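Worth saying up front: this structure is predicted, and the values here are computed from it rather than measured. One-based numbering, in listed order, for ligands and for the atoms of each.
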Amino acid sequence: MAEEAILGFLQNNDEIAHSGYFAAEHNLDHEEVKNVIKSLQAFRYIEAKVLKREFYGLTDEGKKYAAEGSPEFHFFSAVPEEGTISMDDLQRMLDPFVFDVGSKQAPKKKWVAMGQQVSRTVQHVEDKVKEMLLQIQQGLELDQESLKSLKYRKLIILTEKWSGYSEVKKGANYAPERRSLATDLTRENLQNWQELDFKEYNVNAKGQPVDSGHLHPLLKVRKQFKDIFYQMGFEEMPTNNFVESSFWNFDALFQPQQHPARDSHDTFFLKAPSTTRELTEDYVARVKQVHESGGFGSRGYNCEWKREEANKNLLRTHTTAVSSRMLYELAKGPFTPKKYYSIDRVFRNEAVDKTHLAEFHQIEGVVCDRGLTLGDLIGVLQEFFSRLGMSELRFKPAYNPYTEPSMEIFSYHAGLEKWVEIGNSGMFRPEMLRPMGLPEDVRVIAWGLSLERPTMILYECDNIRELFGHKVDLKKVKENPLCRIGIESS
Ligand code: FB9
């Protein structure tokens with residue numbers, strides 16, 4: 001119907017100026033006309049330009065201004081041409097609503113000079129607002145700027161979005177009626193393929209989307225961190241135990257038993273099994289010793305160290321608990337330099353907010369070798385973070401119970417245009433390393449950060465629940481592009 005009408009009309013006319021009027025003139029449904037135009041366009045029977053129109057209506061306030069004029073115009077009119085008038089007089093003269101809006105809009109339009117006394121700064125003004133509102137009422141089109149200001153003052157509201165086509169003309173393949181195009185080379189049309197018109201191959205057509213598995217953004221970013229660690233010669237630490245004893249999570253790290261992080265406000269302690277059964281007695285004795293009275297140049301915490309405290313099972317608060325186990329294993333044999341990393345879940349009984357859940361993935365790097373210095377730590381941090389595209393680092397002295405010196409790490413994030421805290425680091429204390437049995441000249445540098453923070457920044461999500469937990473929108477996971485760290489996310 002619409003197709004014959006359009007192709008037929010163009011046989012004797014250069015163009016269809018407006019698909020809406022054409023549909024009306026030919027009693028055709030405009031939606032059908034639009035679909036036919038879209039399809040004829042695809043086969044280049046015709047060409048056409050998309051036409052979009054927005055129709056607005058006046059709000060009650062808008063209707064008031066259109067009928068009576070804008071408040072700023074009334075405010076201006078109330079100010080004498082010469083001389084001044086006091087605000088109080090104006091307030092008395094004008095309707096409260098007119099005074100309230102007029103006293104804001106008139107000076108904004110630089111029509112009047114405000115103060116205790118008000119005077120005109122121009123002799124004559126146009127009530128453009130009123131005029132524009134009247135034009136809207138007449139269905140006339142306004143420029144985007146004007147529409148924006150009227151919408152901003154809530155004087156108009158969008159009533160209808162209209163789209164159609166204009167300048168509909170003959171296309172390269174125009175014909176008064178559509179020729180059915182052969183779409184396949186079948187045995188039948190092999191007989192007379194010379195007479196047939198074959199539909200062009202649309203080599204740009206998107207193939208059937210292949211539904212496949214999708215890596216969660218966190219795992220995509222985790223892979224990139226793992227690649228960087230492997231490139232730097234690190235080996236992964238086994239982190240397959242969320243449940244840990246207070247001994248490895250705190251005591252082995254020389255974290256005092258009175259430390260606030262060790263109470264249930266910060267840490268999830270287990271009800272069952274509530275205590276660990278497997279600690280190496282001789283090592284525990286050395287840890288007790290260093291906590292109570294120091295050694296290795298330290299004076300310790302000079303307070304009683306309780307075994308039962310160390311026995312308490314908990315959900316590990318950091319993967320540094322795994323580092324302590326690995327360093328203890330390393331101390332058993334003849335010392336060999338090592339580079340370890342871990343990326344896995346840690347649990348903290350903290351106040352949850354947009355960027356914090358009770359669990360997150362900690363990324364940790366540990367380098368053990370003789371004579372390592374703070375310079376080596378800064379060096380390895382620069383190497384590590386430069387591979388993440390963060391080359392400009394700043395270090396701020398910090399405190400951790402298990403490292404001295406300790407540093408918070410900051411990087412300037414161009415996208416966020418600010419310095420971002422990207423992690424923490426330090427040199428493990430001798431009170432941690434020596435009781436393990438590591439030689440005196442062995443130094444261990446380490447650093448840590450989270451996996452969620454970089455992933456949230458790269459995937460521009462400001463609420464961690466978009467990334468983690470039951471509120472994750474799987475569609476987004478499926479559509480998420482692979483954001484390469486170090487390269488601005490596309
Ligand atoms: O991840 C963090 N920030 C970060 C990291 C990367 C990043 O990349 C962007 C693409 C550009 C952006 C931001 N932080 C560590 C810093 C902050 O977010 C901080 O507020 C939150 N921290 C977590 C702990 O919150 C209680 C992040 C988490 C963290 C902090 C410290 C360690 C690990 C994780 C550590 C350690 C450590 C120190 C010494 C020795 C061994 C381990």
Just checking, is any N or O donor in the side chain of H361 or S450 under 3.5 Å from an acceptor N or O on the other one?
no
Among I409, T317, I422, which one puts a heavy atom closest to atom 5 (C) of ligand 1?
I422
Hey, is V366 touching ligand 1 through its side chain, its backbone, both or neither, going by heavy atoms under 4.0 Å?
neither
Per-atom filter on ligand 1: closer than 4.0 angstrom to a heavy atom of E350 are 26 (C)
Taking only Lys NZ, Arg NE, NH1 and NH2, and the carboxylate oxygens of Asp or Glu, determine whether E431 and R429 approach each other closer than 4.0 Å.
yes
R316/E359 ion pair, N-O < 4.0 Å
no
Is E47 close to E167 at the side-chain level, that is, under 4.5 Å between some pair of heavy atoms?
no
So, regarding S450 and ligand 1 (criterion: nitrogen or oxygen to nitrogen or oxygen, under 3.5 Å), is there a contact or not?
yes
Which residue pairs pass the side chain to side chain donor-acceptor pair (under 3.5 Å) test with at least one member in residues 155-165, sequence neighbours excluded?
K34-S163, E54-K161
Can you tell me which portion of M390 lies within the under-4.0 Å heavy-atom range of ligand 1? Options are side chain, backbone, both, or neither.
side chain
Is the closest heavy atom of R348 to ligand 1 under 4.0 Å?
yes
Is it the case that ligand 1 has an N or O less than 3.5 angstrom from some N or O of E421?
yes
A446 heavy atoms within 4.0 Å reach ligand 1 at atoms 40 (C), 41 (C)
Angle class for the W447/F234 ring planes (parallel below 30°, perpendicular above 60°, tilted otherwise)?
perpendicular
Side chain, backbone, both or neither: which part of E452 comes within less than 4.0 Å of ligand 1 when only heavy atoms are counted?
neither
Side chains of S246 and N249, donor plus acceptor under 3.5 Å
no
Any salt bridge (charged side-chain N to carboxylate O under 4.0 Å, His left out) involving residues 261-271? Give me the pairs, sequence neighbours left out, ordered by first then second residue.
D251-R262
Using a 4.0 Å heavy-atom cut-off, which part of N424 comes near ligand 1: side chain, backbone, both, or neither?
both
Ligand 1 atoms in contact with I457 (distance to a heavy atom under 4.0 Å):
9 (C), 12 (C)
